[in-house]
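First the structure, in the form of structure tokens, and then the observations on it.
Per chain, numbering begins at 1; letters A, B, ... match sequence-line order.
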Amino acid sequence: MISDKVRVRFAPSPTGYLHVGGLRTALYNYLYAKKNNGVFVLRIEDTDQNRKVEGAVENLIKTLNWAGLRYDEGPVTGGEHGPYVQSERLDIYKEHADRLVKEGKAYYCFCSKERLELLRKEQEEKKLQPVYDKHCLKLSKQEIQEKINDGFPYVIRLNIRPNENVVVKDIIRGIVEFSTSTVDDQVLLKSDGFPTYHLANVIDDHYMKITHVIRGEEWLPSTPKHVLLYNYFGWEVPSFAHLPLLLNPDRSKLSKRQGDVAVESYAEKGYLKEALVNFVALLGWNAGDDREFYYLNELVDAFSLERVNKAGAVFDIQKLDWLNAEHLRKLDDATLAGMLKEELAAGELKDLIPGDETLLKIVSCMRERISFIKEIPVNAPYLFRKPDSYEEKGLQKGWKAETPAHLNEILPKYEALENPVKDDYERVLRETAESLGIGAGKLIHPLRLAVSGVSGGPGLFDIFDVIGQKEVVERIKTAVEKIRI
RNA sequence: GGCGCGUUCGUCUAGCGGUUCAGGACGCUGCCCUCUCAAGGCAGAGAUCACGGGUUCGAAUCCCGUACGCGCUACCA
């Protein structure tokens, strides 16, 4: 047995940001580990020197932490099976590649890029599978040694015997079979001395005692190479679970071209980590019931790999937005008020931030009306400052010839109130309506317009309570003066 | 082209041979509630379960084929 404990890993390459597909892969690994009292390992796959991005690893870790996916072993944190960054394990890969060469399971290849391109072109023209033709396998020991001594650049390739069957057992897809005749003699060690993904991944998973390889479906076609490598090394093969892809609305693999894929940019847009994690968990998995709202710890309890779907899932922003609203409403007013304060401080209303008590009132009356905190200043700027115009639609519907007279009736009563609370505004209004012999609506609608400039929003008295008596009076006066119909 | 994977309402999905002329959620429409807008409640539209063959008394569910989609096919992961 590889390990008596479940050990899984998330192994991203540091390309600068965390892809939402990567987030889901990381999440499923995390959930599986936690569910089984196992260990969640983070490993950095930085074997491509051309794609190195400064600060990418730090960013990756930061984003994973933001999402709440704490890893047990990995860079910075450390662990018994490190180092957890592949570029720090180069000699391990070299040593193992050499071992395969010695045993005839891999071989040196000195072919130039030009020859390989030509070969591929020929094969394509003949409609053959573009695979390496084992040209360098024919080289004698002496020829090889000479070339190495002469400083020829070389790679090490996996030596695959054709006409054999490789069976991959996948937890999600069942048994998948491949013929070795369709598997290329994959490069294991590149001419710059770095390993390819295939070599590094197998070696690391073995030494890090990974029991379950949970990764994206795009890896399924290269899994036979990995199985063969485990066999060649004489190592136990871990369990595989290939996750369905996350898709664009047109059902192609989720990509940058068709919207945001960086977890960081969702965070910046104001999505809650709880919502993103919840949403992404449901893309390709469900517990078998109707439940859709989960916190991370609840996902741990409910999760199982067996219930992961096979088909790709379209990333549906509308549903994410809905879940964000759901999670937002579960937060208490104080938390929401804190978020609002931060949001305001970063925007153009930064000089008009109300006191904490008022902030609390604002979130309390706006919470049912928003999916994002940032919608508060956008949808209800009148909670912070006077309206600069009056909505045409509202004027037509609610502002009648007699309206100014009605408002002039209630205005002095509002002015006369002393330290009014919300109920006082309402009491006065209802009394006034009654004495005028009109419905309360005849006052409420124009007052809403006068005070907010728009015809929708929180309850009128909530608005009054937020902006305060002085503003209420001033805004009514202004409206009566300015609105002419 | 080859290899592999997949295919239930627009989208995410339930369903693992019969109680389903297919259930839930998002979105959409309408009604109720209501000072408005939301939220909430209710109702509705929306899927010949990709198609064609089998197996079976009986199939969305099992098997085969076809189509379509997607992935892989690099000294990228």
(request) Could you tell me whether the phosphate oxygens of B:U13, OP1 or OP2, come under 4.0 Å of any side-chain nitrogen or oxygen in A:K319? (result) no
(message) Quiz question: going by heavy-atom distance under 3.5 Å, is there a donor-acceptor pair between the base of B:C75 and the side chain of A:S191?
(response) yes
(request) Find the distance A:F315:CZ to B:U13:P and express it as a whole number of Å. (result) 13 Å
(message) With a cut-off of less than 4.0 Å, is there a side-chain N or O of A:R307 near OP1 or OP2 of B:G15?
(response) yes
(message) My understanding is that a pair needs two contacts under 3.5 Å, Watson-Crick or G-U wobble. By that rule, which nucleotide pairs with B:A43?
(response) B:U29
(request) Using Watson-Crick or G-U wobble geometry with both distances below 3.5 Å, tell me the partner of B:U55, or none. (result) none
(request) Quick one: look up who B:A14 pairs with, Watson-Crick or G-U, both distances under 3.5 Å, and put none if it's unpaired. (result) none
(message) In terms of relative ring orientation, are A:F461 and A:F464 parallel, tilted or perpendicular, with 30° and 60° separating the classes?
(response) perpendicular
(message) Measuring from the side chain of A:Q318 (C-beta onward, heavy atoms only), which nucleotide among B:U36, B:G27, B:G71 has the closest atom?
(response) B:G27
(message) For the P atoms, the ones on B:C49 and on B:C33, what distance do you get once it is rounded to whole angstrom?
(response) 41 Å
(message) With rounding to the closest Å, how many angstrom separate the C1' atoms on B:U73 and B:A77?
(response) 15 Å
(message) Is it the case that B:C5 (base atoms only) and A:R173 (side chain only) share a donor and an acceptor within less than 3.5 Å, ignoring hydrogens and angles?
(response) no
(message) On the nucleotide B:A74, are OP1 or OP2 found under 4.0 Å from the side-chain N or O atoms that A:K113 carries?
(response) no
(message) Using the side-chain heavy atoms of A:E292, tell me which of these nucleotides is nearest: B:C72, B:G24, B:C5.
(response) B:G24
(message) Would you say A:R251 places a side-chain N or O within less than 4.0 Å of OP1 or OP2 belonging to B:C12?
(response) yes
(message) Measuring to OP1 and OP2 of B:A77, would you say a side-chain N or O of A:K190 lies under 4.0 angstrom away?
(response) yes
(request) Would you mind pulling out the nucleotide paired to B:U34, Watson-Crick or G-U wobble, both distances under 3.5 Å? (result) none
(message) Looking at A:R329, I'd like to know whether one of its side-chain N or O atoms comes within less than 4.0 Å of OP1 or OP2 on B:A38.
(response) no
(message) Let's test this: given Watson-Crick or G-U wobble pairing with both distances under 3.5 Å, identify the partner of B:C70.
(response) B:G4
(message) Nearest to the A:P221 side chain among B:G4, B:C72, B:C12, which nucleotide is it?
(response) B:C72
(message) Taking the P atom in each of B:C26 and B:C21, what is the distance between them to the nearest angstrom?
(response) 25 Å
(request) Could you tell me whether the phosphate oxygens of B:A77, OP1 or OP2, come under 4.0 Å of any side-chain nitrogen or oxygen in A:T47? (result) yes
(request) Side chain of A:N309 only, please: which of B:A14, B:C26, B:A77 is the nearest? (result) B:A14
(message) Can you tell me whether the side chain of A:R369 and the base of B:C37 have a donor-acceptor pair closer than 3.5 Å?
(response) yes
(request) Would you indicate whether the side-chain heavy atoms of A:D205 and A:R43 approach each other to under 4.5 Å? (result) yes
(request) Looking only at side-chain atoms of A:N286, point me to the closest of B:A77, B:U36, B:A14. (result) B:A14
(message) Checking base pairs now: Watson-Crick or wobble, both atom distances under 3.5 Å. What partners B:A60?
(response) none
(request) Check every atom of B:A38, B:C35, B:C26 against the side chain of A:E368 and return the nucleotide holding the closest atom. (result) B:A38
(message) What is the distance, to the nearest angstrom, from the NE2 atom on A:H242 to the C1' atom on B:A77?
(response) 13 Å
(request) Answer yes or no: is there a donor N or O on one side and an acceptor on the other, between the side chain of A:D48 and the main chain of A:N50, under 3.5 Å? (result) yes
(message) Within 45 degrees of the ring normal and closer than 6.0 Å to the centroid, is that where the cationic atom of A:R427 sits relative to A:Y425?
(response) no
